[in-house]
2 protein chains.
Amino acid sequence: MNAEAIKKSLQDGGLRCTPQRYAVMAFLMEHTSHPTAAEIFKAVNRSDPRCSRATTYNNLRDLVQAGLVREVAVEGRAARFDANDMPHHHFICDRCGKVEDLDWYDVPRPASGVLGKRVLRECEIIFRGLCARCAPRHASR
Amino acid sequence: MNAEAIKKSLQDGGLRCTPQRYAVMAFLMEHTSHPTAAEIFKAVNRSDPRCSRATTYNNLRDLVQAGLVREVAVEGRAARFDANDMPHHHFICDRCGKVEDLDWYDVPRPASGVLGKRVLRECEIIFRGLCARCAPRHASR
DNA sequence: TACAAATTTTAGACTAAGTCCAATATTATA
DNA sequence: TATAATATTGGACTTAGTCTAAAATTTGTA
Ligand SMILES: [Mn+2]
Ligand SMILES: [Mn+2]
Ligand SMILES: [Zn+2]
Ligand SMILES: [Zn+2]
């Protein structure tokens, strides 16, 4: 929404503010539906044809690396992207693959010792099942 | 391990026991490293060249649908497969993509109401960070 | 403002992962 | 053993994503 805020967060992430990168970030902030790279490219490129496919992918990679965008892998489907910087969990629909946000709540850590030499960065809960749109259709079959 | 047990679990899942399907399932039961489809194909095909690439993929799909095998999506990498039927969580390494099992413990469900019309099937925790092999390398850079 | 260095963009070739097809073979059942 | 249902196959195809190297843009410094 706020152009200056986006500009600043790009710079904080060590990224230059180019029109293409800005457009990708702005699109993600305005669309909380966890779009795929292909969807982002189509939409951004339509409103400003300066942003190519390669650039869309490059920028998504950079934004994820900078920690400004989250990538969500879904079995058998294209990755989805998320600029929601509030901590939150995800619900993934078994049927249509839709990814939805669920409010954050703290995840109990594993008992001490079981992680061994691993370094833990984050714990997230993935909820799976049928989304509100798919649940009724399922019941009727 | 037990041939009869595998045979039975295939039948329980409504799947015929073919040599190829059996080999894929047996391989997954003997290898708890969450191999990719390509790894499974290579190994199974090497020990018994009757199993083609298409068949490996077909069988993995069937086994997942039947609930005998779990598919684990990892951002930017090929899917991994898992025949461990004990409930458990996963640790995914940010650096090398390795997927490791962590003992199950119960996940607190979201507060009633927040799921709305969604139908919840499962909750799993994904732990992310650096695996025991990658953690030291990371520290030294 | 002018310049140079560093970074970014680009089209399109390329790769990797996975799906689909329709002919053939195998399996389970009677 | 005969039959119907299911599974297998090689290879073409699709989809998602990466790579390349030349051209363009951004940003810091003079
Ligand atoms: Mn989200
Ligand atoms: Mn596992
Ligand atoms: Zn759905
Ligand atoms: Zn690792």
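Order of the sequence lines sets the chain letters (A, B, ...), proteins ahead of strands, with each chain counted from 1.
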B:Met25 atom CE is separated from D:dA7 atom P, nearest whole Å, by 15 Å
Counting distance only, does the side-chain N/O of B:Arg80 pair as donor-acceptor with the main-chain N or O of B:Lys98 below 3.5 Å?
no
Review point. Would you say A:Arg21's side chain and A:Thr18's backbone share a donor-acceptor pair under 3.5 angstrom?
Key: no
Paired with A:Trp104, the ring pair (Phe, Tyr, Trp, His ring centres under 6.0 Å) test is passed by just one of A:His88, A:His90, A:His89, namely A:His89
Fill in: Any donor-acceptor N or O pair under 3.5 Å, side chains A:Asp101, A:His34
yes
Separation of C:dA17 atom P from B:Glu75 atom CD, nearest Å, is 15 Å
For nucleotides 15-20 of chain D, print each protein N/O atom paired with a nucleotide N/O atom at under 3.5 Å, atom names and distance only.
{"from": "D:dG17", "atom 1": "OP1", "to": "A:Ala79", "atom 2": "N", "distance (Å)": "3.4"}
{"from": "D:dG17", "atom 1": "OP2", "to": "A:Tyr57", "atom 2": "OH", "distance (Å)": "3.3"}
{"from": "D:dG17", "atom 1": "N7", "to": "A:Arg53", "atom 2": "NH1", "distance (Å)": "3.4"}
{"from": "D:dG17", "atom 1": "N7", "to": "A:Arg53", "atom 2": "NH2", "distance (Å)": "3.1"}
{"from": "D:dG17", "atom 1": "O6", "to": "A:Arg53", "atom 2": "NH2", "distance (Å)": "3.0"}
{"from": "D:dT18", "atom 1": "O4", "to": "A:Arg53", "atom 2": "NH2", "distance (Å)": "3.3"}

Separation of C:dT8 atom P from A:Leu63 atom CG, nearest Å, is 11 Å
In whole angstroms, the gap separating C1' of C:dA28 from CG of B:Asp12 amounts to 16 Å
Check: Within the side chain of B:Tyr105, is there an N or O that forms a donor-acceptor pair under 3.5 Å with the backbone of A:Ala111?
Finding: no
B:Asp48 atom CG is separated from D:dT8 atom P, nearest whole Å, by 12 Å
When every non-hydrogen atom of B:Leu102 is compared with those of A:Val114, the smallest separation belongs to CD2-O, 4.2 Å
In whole angstroms, the gap separating C1' of C:dG18 from CG of B:Asp62 amounts to 14 Å
Under a 4.0 Å heavy-atom criterion, the protein footprint on nucleotides 22-30 of chain D, written with B, S and -, is ----BS---
Value for CG (B:Asn58) from CG (B:Leu63), rounded to nearest 0.5 Å, stands at 10.5 Å
- Query: Are A:Asn84 and A:Leu28 close enough that some pair of their side-chain heavy atoms sits under 4.5 Å apart?
  - Reply: no
